[in-house]
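Dumping the structure here so I can ask a few things about it.
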Amino acid sequence: MTTIARNLLAIHGRIGAACRAAGRAPSEVRLLAVSKTFGVAQVEQAFAAGQTCFGENYIQEAVEKIHALRHRVIEWHCIGPIQSNKTRLVAEHFDWVQSLDRLKIAQRLDAQRPAALAPLQVCIQVNTDGGASKAGVSPQDLPALVDAVRQLPRLALRGLMTIPEPATDFAAATALHARARQLFDALNARGLALDTLSMGMSADLDAAVQAGSTMVRVGSAIFGQR
Ligand SMILES: *Cc1c(COP(=O)(O)O)cnc(C)c1O
């Protein structure tokens, strides 16, 4: 068994344990393998071990991998910042965008999504910490962006993504993730049918699952240190 296959097993074990501790079914939490900076060979190893969805941050790097692996049935998620001049590449190559935080980018992705492809599945990235420098829409601006994105026919809004500040312990990490969970629940209480709350990484996925994550994004615990 390869190291990557062993690491994937260990992560599924962690997700399972976190779900049991939270009284949730392990099937409620998807694992996104974050392959940024790693090569086609590593993605192939993870794919051989049964992993079929991968997250990438750097558009140009991702497009090269997506092209090299086009014979594989892989779901590709864009989880990094998107500049206006990169939206066409994203619209043409990815299945999901989780890092949507501006209407202008949403409009460009909608206009540029090829008709032959399914609508682009999107999560809005929300910044629950208020850190001004960080990506993500503020909780105050979230409802307006949600309403605008829902009007775009070539985008399918699936939920929220968040990257909280690193926390010192499990309770603190759970509290940070709970803020995103509240925003997610509030949107669904308004009648939306969002099914994806993307939060939790290698260091904090257990707390994220405790707080209600439905998708954890794990890089270094699968592929090694970057
Ligand atoms: C890199 C990255 C991850 C994975 O982080 P690890 O700590 O390596 O698990 C998850 N989400 C986003 C948005 C990232 O940029």
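Atoms within a ligand are numbered from 1 in the order they appear, just like the ligands themselves.
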**OP:** Check whether any heavy atom of Q98 sits under 4.0 Å from an atom of ligand 1.
**Re:** no

**OP:** Go through ligand 1 atom by atom and flag the ones less than 4.0 Å from a non-hydrogen atom of I163.
**Re:**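 Result: 13 (C).
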
Subject >> Point-to-point distance, once rounded to the nearest 0.5 Å, from CZ of R6 to CE of M1 >> reply: 7.5 Å

Original post:
Going by the order shown, which atoms of ligand 1 are within less than 4.0 Å of some heavy atom of K36?
Top reply: 1 (C), 2 (C), 3 (C), 14 (C), 15 (O)

**OP:** Under 4.0 Å, heavy atoms only, figure out whether ligand 1 is touched by the backbone of N57, its side chain, both or neither.
**Re:** side chain

Subject >> R190 and D147 ion-paired at < 4.0 Å >> reply: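 The answer is yes: the pair qualifies as a salt bridge.
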
Original post:
Which atoms from ligand 1 have a heavy atom of G219 less than 4.0 Å away?
Top reply: 4 (C), 6 (P), 8 (O), 9 (O)

**OP:** Note the single closest protein heavy atom to atom 6 (P) of ligand 1, along with its residue, its atom name and the distance in Å.
**Re:** S202 OG, 3.5 Å

Original post:
Which atoms of ligand 1 sit under 4.0 Å from any heavy atom of I79?
Top reply: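 Heavy-atom distances to I79 below 4.0 Å select 11 (N), 12 (C), 13 (C), 14 (C).
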
Original post:
Of the protein's non-hydrogen atoms, which lies at the shortest distance from atom 3 (C) of ligand 1, and what is that distance?
Top reply: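 Residue, atom and distance for the closest contact: M201 SD, 3.6 Å.
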
Subject >> Candidate pair D141 and R102, rule salt bridge (Lys or Arg N to Asp or Glu O under 4.0 Å), full reasoning >> reply: CA-CA 10 Å; D141 293 339; R102 279 188 292 156; over 6 Å; no

Original post:
Any salt bridge between E44 and R72, counting N to O under 4.0 Å?
Top reply: yes

**OP:** Give the cluster check for L103 versus V90: same hydrophobic cluster or not, with ILVMFWY residues linked at side-chain heavy-atom distances below 4.5 Å.
**Re:** yes

Subject >> Ligand-residue contact atoms, ligand 1 with R217, heavy atoms, under 4.0 Å >> reply: 4 (C), 9 (O), 10 (C), 11 (N), 12 (C), 13 (C)

Subject >> CA sep, side-chain torsions, deciding dist, call: L120, W96, side chain to side chain contact (heavy atoms under 4.5 Å, CB included) >> reply: CA-CA 6 Å; L120 193 58; W96 284 64; 5.9 Å; no

**OP:** First locate atom NZ of K36, then atom CD1 of I79, and finally report the distance between them rounded to the nearest 0.5 Å.
**Re:** 5.5 Å

Subject >> Atoms in ligand 1 flagged as close to V218, the criterion being non-hydrogen separation under 4.0 Å >> reply: 9 (O)

